[in-house]
Colleague: 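I am attaching a structure below and will ask some questions about it afterwards.
Protein chains get the first letters and strands the later ones, always in sequence-line order, with residue 1 at the start of each.
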Amino acid sequence: MIGDLMKPKVAFFDFTSCEGCQLTVVDSLQTHVDLLDAVEIVQFREAMTEKGEDYAIAFVEGSISRASDEARLRRIREQAAIVVALGACAHLGGINAIRNAQPLDDVRKYVYGDKADWYETYPARPISAVVKVDAVIPGCPIDRDEFIGVVKALLLGKKPPLPDYPVCVECKRKENVCVFHKGGFCLGPVIRAGCGAICPTCGDGCEGCRGLIPNPNQDSMSDVLVKYGLTVADMLARWTMFGTYQQMEAGS
Amino acid sequence: MSLRMIDKGSMAAFVSNLLQAYEVVGPRAKDSQYAFGRITDYDQLRLDYNTTILPPKKYLLPQEEVLFTFQTEGMSAAPVFDTRPRVIFGVHTCDIHALHLLDAVFATGQRDEHYLERRAATLIVGIECLTPCDEHSFCKSMGTLSASEGFDLHLTDLGDRYAVEVGTPAGEALLARYAANHGAGESEVGLLDKMLSEKWPRFSYRLDFDGNELPALMAVSYKNPIWKELEGRCLACGSCNLVCPTCYCFDVQDRVSMDRKTGERIRVWDSCQLAEFARVGSGENFRKTRAERQRHRFFRKGKYIPDMHGELGCVGCGRCARACLVDITPVGVWNALHKAHTA
Ligand code: SF4
Ligand code: SF4
Ligand code: SF4
Ligand code: SF4
Ligand code: SF4
């Protein structure tokens with residue numbers, strides 16, 4: 001189904017995003033040149049000018065934030081045997097979705113000023129809200145090793161493994177002093193691992209860029225944030241940094 | 001075995017002598033806390049530490065280890081063993097008891113050669129706790145505030161010198177070879193006895209009952225409503241297991257090269273509090289709720305392990321209590337169960 005099994009054709013696409021995840025891909029290719037032997041890249045605006053339309057695997061970065069995005073994404077879905085959401089914007093809606101909680105006209109005026117009417121926009125959504133997604137590489141930006149791991153799994157014809165346990169597991173394996181014990185705040189107990197707990201390892205709390213674990217105990221997590229000194233308003237703001245779309249869906 | 005003395009002034013030389021033949025690991029400062037780490041200079045060794053984030057178990061059952069490497073063509077595999085000679089310096093008595101239990105666990109049934117090979121290359125130098133590490137420790141209730149075995153050497157701080165109890169012939173050889181030491185005089189034996197008897201009242205029993213009653217208490221606590229209450233609080237973050245000196249569950253994974261020709265099988269620490277821990281091959285998850293997983297955890301510590309190995313599965317180190325952000329603690333849970341049962 002994915003064409004030449006030994007060397008599948010892959011393409012990269014972007015929607016509303018900062019292109020940071022694609023940059024991480026470019027970076028990974030430099031440290032893993034063996035990847036270029038394993039796949040053939042036919043489209044990658046960030047890194048090359050040639051353009052092929054016969055791809056089997058599509059990596060899609062960015063959230064869907066206007067009506068015209070949808071047709072383009074659907075065309076990608078029709079062509080590709082496998083669609084992979086690349087990074088938090090495509091996976092969760094991400095940072096772009098923060099504005100969903102505000103009146104859209106205000107947001108548009110704030111961003112585009114008197115040219116607001118020139119630009120179409122609507123509430124930002126993850127790509128899974130529009131098309132079926134086969135695999136996800138979470139993170140803002142994505143983790144290099146995980147990107148390589150997902151490609152390897154796809155080449156083996158396996159569903160890419162995504163950790164279903166929280167960041168605390170990786171954090172504890174690294175023997176970090178817990179951010180809460182240093183007076184900080186962290187969403188690690190309910191956020192999906194896979195980043196190697198990079199933020200707590202550097203002394204910052206996890207902000208949730210990889211999305212929630214399955215069955216998170218969010219109520220208890222909220223209580224912890226307040227118990228350790230956050231105001232209720234700040235606690236709620238923590239959940240919306242990367243999770244606005246999910247919070248609003250859960251609430252609606 | 002015998003009792004020897006090392007003057008504090010001779011300790012730096014002892015450690016630097018050891019470094020010529022061994023990797024030495026011991027407690028080091030980490031931010032405001034402590035962690036076992038590689039010692040390359042005596043000054044790094046903080047024998048005055050209270051407790052460490054992770055127990056010294058990580059040197060016998062590392063967070064992640066390669067079990068064997070393999071080649072897919074011809075299906076050949078080569079096991080990987082870590083047999084570097086190592087001294088774990090400054091192990092508290094609760095952790096000595098925990099390692100003693102792990103030794104039994106990994107030698108029972110299917111012998112775990114990866115653990116046992118490391119263990120055979122490891123020497124343990126313990127150190128006596130003279131004050132409680134903090135408010136979470138309950139070693140006294142669990143019978144781990146002293147240790148009569150499980151170490152090669154065991155130090156007690158007598159002010160300007162350490163009393164050194166020799167636990168094994170290997171420990172005796174280590175001392176003879178690497179440390180300037182002398183036999184204990186009458187006054188030194190007296191001082192040691194005084195220190196050891198004076199330390200006892202500084203620790204409190206934190207369980208409302210004797211730790212040895214735990215298996216019996218657990219046997220009547222399966223249906224206690226407390227498990228339901230923990231369901232609401234527990235975050236299923238796994239921290240309590242990951243910091244525990246007696247937890248030994250691991251997950252096995254394969255890492256394959258990009259060309260799919262070579263790979264390695266690794267094992268990593270796992271936790272029974274994680275939602276997917278008890279999912280089996282057929283897809284069924286036999287401990288779906290946090291309540292069931294919490295119950296399992298406390299049954300492991302209080303009943304299943306003692307039933308299997310004759311030693312309690314908790315040594316009262318308090319690490320899980322320090323790590324838990326929602327204050328679920330063995331002392332809290334077990335005292336509540338005890339109260340419910342005796343009420
Ligand atoms: S710092 Fe965050 S991820 Fe690490 S243990 Fe604490 S809560 Fe968990
Ligand atoms: S620690 Fe949290 S915020 Fe940081 S990369 Fe990992 S998931 Fe994202
Ligand atoms: S540390 Fe606390 S919150 Fe986390 S799994 Fe253990 S009991 Fe639950
Ligand atoms: S259950 Fe808690 S107190 Fe008991 S040995 Fe494990 S970490 Fe220490
Ligand atoms: S729990 Fe007891 S034996 Fe263990 S470090 Fe603390 S005081 Fe020492």
Colleague: Taking all non-hydrogen atoms of both residues, which atom of V169(A) and which atom of C237(B) are closest, and how far apart?
Modeller: CG2-O, 3.6 Å

Colleague: Under 6.0 Å from the CG atom of N215(A), do we count more than 12 heavy atoms belonging to anything else shown?
Modeller: no

Colleague: Has the side chain of R173(A) got a donor or acceptor atom that lies under 3.5 Å from a matching backbone atom of W269(B)?
Modeller: yes

Colleague: Below 4.5 Å from any heavy atom of chain A, which atoms of V326(B) appear? Answer side chain, backbone, both or neither.
Modeller: both

Colleague: Quick check: closest heavy atoms across C234(B) and N217(A), and the distance to 0.1 Å?
Modeller: O-ND2, 2.8 Å

Colleague: Identify which of L156(A), I148(A), V167(A) forms the greatest number of heavy-atom pairs closer than 4.5 Å to chain B.
Modeller: L156(A)

Colleague: Does a sphere of radius 6.0 Å around CD1 in I198(A) hold more than 12 heavy atoms from other residues, nucleotides or ligands, not counting ones at 6.0 Å or beyond?
Modeller: no

Colleague: Could you look at V224(A) and say if it's the side chain, the backbone, both or neither that has a heavy atom under 4.5 Å from chain B?
Modeller: side chain

Colleague: Do L325(B) and P189(A) touch side chain to side chain, with heavy atoms closer than 4.5 Å?
Modeller: yes

Colleague: Nearest 0.5 Å, what's the CZ-OG distance between R290(B) and S220(A)?
Modeller: 7.5 Å

Colleague: Is chain A contacted by the side chain of R255(B), its backbone, both, or neither, given a heavy-atom distance below 4.5 Å?
Modeller: neither

Colleague: Measuring from K152(A):NZ to S257(B):OG, what's the distance to the nearest 0.5 Å?
Modeller: 6.5 Å

Colleague: Under a 4.5 Å heavy-atom cut-off, does chain A meet the side chain of S239(B), its backbone, both or neither?
Modeller: both

Colleague: With only heavy atoms counted, which part of K174(A) is less than 4.5 Å from chain B, the side chain, the backbone, both or neither?
Modeller: backbone

Colleague: Under a 4.5 Å heavy-atom cutoff, which of V268(B), D270(B), I53(B) has the most pairs with chain A?
Modeller: I53(B)

Colleague: Ignoring hydrogens and angles, tell me if any N or O in the side chain of Q33(B) forms a donor-acceptor pair with the backbone of V177(A) under 3.5 Å.
Modeller: no

Colleague: Check whether Q253(B) gets within reach of chain A through its side chain, its backbone, both or neither, counting any heavy atom under 4.5 Å.
Modeller: neither

Colleague: Are K227(A) and D327(B) within salt-bridge range, i.e. N to O under 4.0 Å?
Modeller: yes

Colleague: How many angstroms lie between atom OG of S32(B) and atom NZ of K182(A), to the nearest 0.5 angstrom?
Modeller: 7.5 Å

Colleague: Looking at L54(B), D31(B), L242(B), V256(B), which one has more heavy-atom pairs under 4.5 Å with chain A than the rest?
Modeller: L54(B)

Colleague: Please evaluate residues K58(B) and E175(A) with respect to the criterion side-chain contact (heavy atoms from CB on, under 4.5 Å), reporting the C-alpha separation (whole Å), side-chain torsions for both, the decisive distance (0.1 Å), and the verdict.
Modeller: CA-CA 10 Å; K58(B) 65 182 181 177; E175(A) 203 166 6; 2.5 Å; yes

Colleague: Answer with side chain, backbone, both or neither: which region of A236(B) has an atom nearer than 4.5 Å to a non-hydrogen atom of chain A?
Modeller: backbone

